[in-house]
Amino acid sequence: EVQLVESGGGLVQPGGSLRLSCAASGFTFSIYAMSWVRQAPGKGLEWVSAINSGGSSTWYADSVKGRFTISRDNAKNTLYLQLNNLRLEDTATYYCAKPAHTLVVETTARKDKYNYWGPGTQVTVSS
């Protein structure tokens with residue numbers, strides 16, 4: 001059974017930092033690219049970042065470029081997202097998502113491009 005479980009969210013002041021983790025199990029993590037997608041209150045899904053299967057290439061939404069860093073540890077089957085210089089508008093539930101196909105890096109929030117999602121972790125940026 002495929003499972004994705006996010007952790008690391010919380011309440012942080014503007015300018016602060018958090019590190020999100022996504023523990024993966026039930027599939028061969030090392031052969032899939034992975035993505036982070038977020039959903040702010042009352043808004044739709046927004047793709048945030050993606051990383052290829054080996055971790056050598058990364059992609060970011062313009063809204064987070066230069067502030068967020070995606071990484072992965074294939075030995076630990078874990079995906080990470082380092083959030084720095086957080087802004088009020090980064091408040092959202094953050095999801096890790098597994099693309100439906102190997103060797104495909106998804107840079108979209110379209111639900112049909114992913115076949116598994118975690119339950120999400122809440123990030124709240126507030127002063």
Side-chain angles (χ1 to χ4, degrees):
E1 177 189 4
V2 173
Q3 284 195 322
L4 299 171
V5 180
E6 303 92 341
S7 62
L11 174 63
V12 62
Q13 292 185 337
S17 298
L18 286 172
R19 189 193 196 201
L20 308 184
S21 298
C22 171
S25 61
F27 66 103
T28 307
F29 179 73
S30 61
I31 66 172
Y32 284 89
M34 294 291 293
S35 294
W36 286 98
V37 177
R38 69 184 180 184
Q39 186 167 28
K43 296 190 177 181
L45 293 171
E46 177 189 16
W47 172 79
V48 173
S49 182
I51 188 168
N52 68 344
S53 58
S56 60
S57 297
T58 57
W59 293 261
Y60 298 94
D62 287 344
S63 58
V64 307
K65 200 172 293 182
R67 301 187 299 119
F68 291 8
T69 303
I70 190 171
S71 62
R72 65 191 296 162
D73 185 336
N74 285 343
K76 294 183 178 179
N77 288 351
T78 303
L79 177 72
Y80 302 100
L81 187 67
Q82 178 69 41
L83 289 63
N84 294 332
N85 193 19
L86 281 160
R87 304 169 179 170
L88 297 176
E89 57 264 35
D90 294 319
T91 295
T93 301
Y94 285 72
Y95 302 94
C96 63
K98 173 188 169 295
H101 303 287
T102 60
L103 305 180
V104 174
V105 178
E106 297 292 355
T107 58
T108 175
R110 283 178 50 179
K111 289 186 176 181
D112 64 324
K113 296 297 185 180
Y114 304 94
N115 57 356
Y116 288 97
W117 299 70
T121 187
Q122 178 67 39
V123 172
T124 301
V125 184
S126 175
S127 55

Side chains of Val104 and Glu106: closer than 4.5 Å at any heavy-atom pair? yes
Could you check whether any side-chain heavy atom of Pro99 comes within less than 4.5 Å of a side-chain heavy atom of Val105, counting everything from C-beta outward? no
Would you give the length of the straight line joining atom [atom1] of [X] to atom [atom2] of [Y], rounded to the nearest 0.5 angstrom?
X     : Y     : atom1 : atom2 : result
Leu81 : Met34 : CG    : CE    : 12.0 Å
Arg72 : Ser21 : CZ    : OG    : 13.5 Å
Thr69 : Tyr80 : OG1   : OH    : 14.0 Å
Ser17 : Asn85 : OG    : CG    : 8.0 Å
Ile51 : Ser57 : CD1   : OG    : 8.5 Å
Leu45 : Arg38 : CG    : CZ    : 11.5 Å

Could you please spell out the steps behind the side-chain contact (heavy atoms from CB on, under 4.5 Å) verdict for Asn77 and Ser25? CA-CA 7 Å; Asn77 288 351; Ser25 61; 5.8 Å; no
List the atom of [X], the atom of [Y], and the distance in Å for their closest heavy-atom pair.
X      : Y      : answer
Ser35  : Ala50  : OG-CB, 3.6 Å
Phe27  : Gln3   : CE2-O, 4.5 Å
Leu20  : Trp36  : CB-CH2, 3.9 Å
Thr108 : Val37  : O-CG2, 4.4 Å
Thr121 : Gly9   : OG1-N, 3.0 Å
Leu4   : Pro119 : O-CD, 3.2 Å

In sequence, state the C-alpha distance, the side-chain angles, and the governing distance for Asp90 and Leu83, and then conclude on side-chain contact (heavy atoms from CB on, under 4.5 Å). CA-CA 9 Å; Asp90 294 319; Leu83 289 63; 5.7 Å; no
Do Leu79 and Phe29 pass the side-chain contact (heavy atoms from CB on, under 4.5 Å) test, and can you show the C-alpha distance, the side-chain angles, and the key distance before you say yes or no? CA-CA 9 Å; Leu79 177 72; Phe29 179 73; 4.2 Å; yes
Under the ring pair (Phe, Tyr, Trp, His ring centres under 6.0 Å) rule, what pairs show up with a residue in residues 105-127, not counting sequence neighbours? Tyr114-Trp117
Tell me, with the steps shown, if His101 and Asn115 meet side-chain contact (heavy atoms from CB on, under 4.5 Å). CA-CA 9 Å; His101 303 287; Asn115 57 356; over 6 Å; no
Any salt bridge linking Asp62 with Lys65? Criterion: basic side-chain nitrogen under 4.0 Å from a carboxylate oxygen.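 So Asp62 pairs with Lys65 through a salt bridge.
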Can you classify the ring geometry of Phe68 versus Tyr94 as parallel (below 30°), tilted (30 to 60°) or perpendicular (above 60°)? tilted
With side chain to side chain contact (heavy atoms under 4.5 Å, CB included) as the test, pick out the partner of Leu18 among Leu86, Thr124, Val125.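 Exactly one option meets the side chain to side chain contact (heavy atoms under 4.5 Å, CB included) with Leu18, and it is Leu86.
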Short side-chain donor-acceptor distance under 3.5 Å, Ser63 and Glu89: no
Whether the side chain of Thr78 engages the backbone of Ala23 through a donor-acceptor N/O pair (distance < 3.5 Å, no angle test) should be reported. no
Say whether, by atom type as modelled, one donor and one acceptor occur between the side chain of Ser56 and the main chain of Gly54 under 3.5 angstrom.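 Checked: no pair found.
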